[in-house]
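What follows is a short report on a single structure.
In what follows, chains are A, B, ... by sequence order, proteins preceding strands, each numbered from 1. Here the structure is a predicted model, which is why all the values come from computation and not from measurement.
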Amino acid sequence: MQDKQRFTWPHKDLLDVSQLSLDEANYLLDTAEQFHEINQRPVKKVPTLKGKSVVLFFAEASTRTKTSFDVAGKRLSADTFALTKSGSSLVKGESLKDTALTLQAMNPDVIVIRHWSSGAAQYLAERLDCAVVNAGDGWHAHPTQALLDAFSLRQKWGKDFSGKTVLILGDILHSRVARSNVNLLTKLGATVRLCAPHTLLPAGVRDWPVTVHTSLDEAVQGVDAVMCLRLQLERQQAGLLPDLSEYAGTFCLTARHLAMAAPGALILHPGPMNRGLEIASDIADCAESLVLTQVASGVAVRMAILFLHATRKDGGSK
Amino acid sequence: MSSILIIQNALYLGEAVDIVVRDGKIESVTPHEEPTLTRGEEFPEDAELVDAGGLKVFPSFIDCHVHLREPGFEYKEDIRSGLRTAAHGGFGAVMAMANTRPVNDTASVTEAMLKKARTTWPHGPRLYPVGAATVDLEGKELAPMAELARAGCAAISNDGRPVGGAEMFRRCMEYAHTQGLIVIDHCEDPTLAKDAHMNEGATSGRIGVKGQSVVAESMQAARDILLAEYLDIPVHLAHISCRQSVDLIRWAKARGVKVTAETCPHYLLLDDTELENYSTMAKVNPPLRTPDDVAAMRTALQDGTIDILVTDHAPHAEHEKECTLDEAPNGISGMDSAVALTWTLVTDGLISEADFIRHWCHEPGRIFNLPVNRFAPGDPADFFLFDPTQEWVLTPEAMHSKGKNTPFLGRTLTGRVTAHWMGGIRIV
């Protein structure tokens, strides 16, 4: 870690991957490699962030992302404090501004925020001196998910994704995972395809650096990886889909589709999965599935993110 | 004994003039003479002489679309602060929308508003309340429009909560027409605009915010146009914002449909990329549209498809905009800056100075049958001096409105109202 600390991370906050240059993204992923190695040791704890405090402010329900950040923080010896919507008077009826000021008064080094409003992480970042890490804001961005997905893929592919094609399949419209992944995957050199019915595609998607498909059979041809997105069941209730079995019959990734992909194509899913709805159960568990790799990658990547953002003001060595 | 005011050396449509006002009315407007007029036999010794120093003079403008928030939301704005803002902004008359609390759907609310305006500032800008089209703006029962008309309402509108049902809207148009009033429609299909926080387009797709399509507006504009043609009754379309709508209005006007339309400075000057950083100041309804729509709006103003300019002045308290985009209320506080902002349309060569006066004064007066100063003998002596080169920064302190919510905050504007008279009495 010593030579890494000579480099000062230039960003106070991590709001989206769009703010990162290619070099910065690779630097962050390289840093995660080193933490990944720590995670394989019998004693998975280092004193790197001893005395630092990390607030996990999760206004929206989350189990895996919150736990992942919590584990990441604790493995670096940071003190982590969880603040969730349920059971917290802090969030109920209080404006985000007041929550922000309250959090600031606790003087944390990093605030990790998950919020239902697009732009909420930026809102906090503009008002707080500490580092703000976006753990998902509305439909906007989920940079730590995109980084852990890229980390999982590069363990198979190496650092350069040129020549690789990734299909992102499902509810693109409401997906912060899709938005951040389009940005990062194209930055790393991959070609990205999107596949969804028109009711689940965002306005202006034709101008994104991707190809857009509405037929899964067509979209999956020759791809090197497929990233399935979770379908929120309320989308059907909102009238965007006729019924879930029709969706599954058209957009669920199955072995038949994978036969049309490149040999050994990898499968990703940010979780939690709806087996049989967006991904066939046998596919989720197949040898090419990176779903559990993604979870392990998540801890390593979030350790790197906490490390870079909590130590950037420490000026070199600890 | 009569009172006399003489404005010397003011520039009206490029010509230096001297304006003589007697008892609140224009008496004469003549080419400026050097040496300047002197007190003599012709004028009493106590005539007030003002040297305009070559500044431009405009007839007091009319803002046909404002929200003064009183009664009910005085923490955002009230009639006193609203009229003060109007006066400083160059407006001698404002039409205040009905979405107050209680809603202006009875004579007692209209009368209370008018009384407040008269007592708070007898010689200030004139207030013309706009009555609700339906009771409590709910779109279920017609509001008592005859009563509203008698009490002094200048028009009818459910602005802020548009009438969704086509049948109900038709009845509003017909019944208002019976009372000699025109309906101003905020064109918005409630299903297409549901839960939206900005325009639907490349920006909303990228930043992950639910948008409303231009069709939410244009579809209702089409409905109104078709009803106006079928019923042969005039309709006025509020704050038009997009290409589809102006194309429909242009088509309607060519067919002779009695449709008039307004737009606001922000639809001519800003597009939806203003919201890229989730700026709540730029959240307004209808939303800021794409650059292509802005171009279409400018053309429509130029070719007469858009008849008048309005501010849709919608002040809010600071804390209400100090939140995330999805939680922020719609609205831009507009009267402080509108004249300076739209003056750029003249300096850019988009419209002439005569058009500028027409859009802000003559046409609003014609559409809503309000008194207008055309600088003809006997006209009300309502006018203001405008320094077209004065630069000023639109700071919260520089604004007279209680609402500081504008995406133009912090910008340097060119052109400022320096003096304003209503009925020959100086109010600014």
Original post:
More than 12 non-hydrogen atoms from neighbouring residues, nucleotides or ligands closer than 6.0 Å to NZ on Lys12(A), yes or no?
Top reply: yes
Original post:
What is the distance from atom OG of Ser95(A) to atom CD of Glu322(B), rounded to the nearest 0.5 Å?
Top reply: 8.0 Å
Subject >> Nearest-0.5 Å distance that lies between atom CD1 in Ile207(B) and atom CZ in Arg179(A) >> reply: 9.5 Å
Original post:
Going from CH2 on Trp139(A) to NZ on Lys210(B), what distance comes out if it is rounded to the nearest 0.5 angstrom?
Top reply: 6.0 Å
Original post:
Of all heavy-atom pairs between Trp116(A) and Asp326(B), which one has the smallest distance, and what is that distance?
Top reply: CD1-OD2, 4.0 Å
Original post:
How many angstroms lie between atom CZ of Arg206(B) and atom CG of Asp207(A), to the nearest 0.5 angstrom?
Top reply: 9.0 Å
**OP:** Check each atom of Arg206(A) against the heavy atoms of chain B and say whether the ones under 4.5 Å are side chain, backbone, both or neither.
**Re:** neither
Original post:
Is there any residue in residues 198-205 of chain A with a non-hydrogen atom under 4.5 Å from a non-hydrogen atom of chain B, and which ones are they?
Top reply: Pro202(A), Ala203(A), Gly204(A)
Subject >> Gap separating the NE2 atom of His319(B) from the CG atom of Asp98(A), nearest 0.5 angstrom >> reply: 10.5 Å
Subject >> Atom CD of Glu318(B) with >12 non-hydrogen neighbours under 6.0 angstrom >> reply: no
Subject >> Whether Gln122(A) side chain and Tyr278(B) backbone form a donor-acceptor pair below 3.5 Å >> reply: no
